[in-house]
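Read the numbers this way: they start at 1 and go in the same order the structure lists the ligands and their atoms. Keep in mind that the numbers below use all heavy atoms, side chains included, and drop hydrogens, waters and symmetry copies.
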Amino acid sequence: MITALQQQFVDLFHTAPKVYRSPGRINIIGEHTDYNQGFVLPAAIEQAAYVAISPREDNELHLYAVSMQEMVVLQLHGLVPKAGAWSNYIAGVAEQFIRMGFTIKGFNLVLHSDVPIGAGLSSSAAIECAVAFALNECFDCALDRLQLVHLAQKAEHEFAGVQCGIMDQFASMMSRRNHLIKLDCRSLEYEYIPFQLGSHTMVLFDTNVKHSLASTAYNNRRQQCEQGVQWIAAQLPHIQTLRDADMGMLEQFVLPKDLLVYRRCTYVVKEIQRVEAACKALKAGDLNKLGELMYETHAGLSCDYEVSCTELDLLVDLVKARPGVIGARMMGGGFGGCTLNLVEADRVDELINSVQISYERATNLPLNYYLVSAADGSGRVDH
Ligand code: GLA
């Protein structure tokens, strides 16, 4: 893939590029907790965005997306988001470098990604982080990885219009093979937790749906959480985020105001506790406990946070009673995308077959699946 990308670049631009990779991610547990300053437990996966790049002498961006077979030319100065354009994920990052005062030039770039789009695997963060890593090196900006994480997150806020938390960009940039990252989204302290599944493995089932309300609903959930915090903080000013809140506070100060906001906040407070419990279970080698927590997370996301959908609920229901499955849940922002399943390795084939048949029969949609493992974060890959 890297050689093919280099060749394509040479064919288009007649010069040799550098090639950078930044991966998609899974999240074991800790969903919708990052923007509430709680904990998350993600890992990068092998599937990744690759960018081949070389600087130009002028101020033009010549961008080519392999999957779209489309070339876009933009001016470096005056970059603005364009509704629905793939180039946003590149332009948004370039614009952040300019905003930070770096004097970068134009560049030629070819993008190829094997992170499925709309599957909840952070295909956008993968591109943003690959581009951030690449521009940082090509133009000697000397930002460290954490600064690049923040930069890529801002690009997502401003050019993709999603007020995402920090998990996706952090996982893409900072991950280590065979490890999960336990990230404290308040202090940004993090710990690599060895991830040994022994006789088990992880498989993602992709609903093949991405409901169009996803980004509006995401921003709306964020506001509901902030609303809950405001009601608590009006009485207890030291409470700044849901990370600081407990169930008692929610019952006392949020429930009397609004039942829906109460339910949203309840999910988040419990989910933050589940991440701690999951880390304990992992360290003790208790995968069954981890699996139970995943089912609880799914129930919370579906009933209280209401970011699931019929297809995701169906996939979790289909695997629940199957032999060898110890945990399953929807993963990522929601409203489509994938479920994450923890399964005995020698039962995986049989599981895939049966779920495929049932899902396709019930929905008339194809079911994709991906076997995933914890991989390394961003880096240069052409040497
Ligand atoms: C999306 C966002 C993340 C995170 C997850 C939900 O992937 O980009 O920041 O909030 O949803 O956990």
Which ligand 1 atoms does Y218 reach within 4.0 Å, using its non-hydrogen atoms? 1 (C), 2 (C), 3 (C), 4 (C), 9 (O), 10 (O), 11 (O)
Output the list of atoms in ligand 1 that are nearer than 4.0 Å to some heavy atom of G333, sorted by atom number. 11 (O)
Nitrogen or oxygen of T33 less than 3.5 angstrom from that of ligand 1: no
Counting non-hydrogen protein atoms only, what is the nearest one to atom 1 (C) of ligand 1? Give residue, atom name and distance. D168 OD2, 3.7 Å
Should you measure from each heavy atom of Y35, which atoms of ligand 1 turn up under 4.0 Å away? 10 (O)
Is there a donor in the side chain of E344 and an acceptor in the side chain of S199, or the other way round, less than 3.5 Å apart? no
Tell me whether the centres of the aromatic rings in Y267 and H32 are closer together than 6.0 Å. no
Under 4.0 Å between a Lys/Arg side-chain N and an Asp/Glu carboxylate O for E31 and R329? yes
Taking the basic N atoms (NZ, or NE/NH1/NH2) and the acidic carboxylate oxygens, is any pair closer than 4.0 Å for D304 and K270? no
What atoms of ligand 1 come within less than 4.0 Å of a heavy atom belonging to C164? 2 (C), 8 (O), 9 (O)
Do R25 and ligand 1 have an N or O pair less than 3.5 Å apart? yes
Answer yes or no: does an N/O atom from G165 fall short of 3.5 Å to an N/O atom of ligand 1? yes
Which atoms of ligand 1 are found less than 4.0 Å from any heavy atom of D34? 3 (C), 4 (C), 9 (O), 10 (O)
Is any NZ, NE, NH1 or NH2 atom of the basic residue among K105 and E60 found under 4.0 Å from an Asp or Glu carboxylate oxygen of the other? no
Under a 4.0 Å threshold between the charged nitrogen and the carboxylate oxygen, would D382 count as salt-bridged to K18? no
Side chains of E292 and N288: do they bring a donor and an acceptor to under 3.5 Å? no
M167 neighbourhood, listing ligand 1 atoms whose heavy-atom distance to it stays under 4.0 Å: 4 (C), 5 (C), 12 (O)
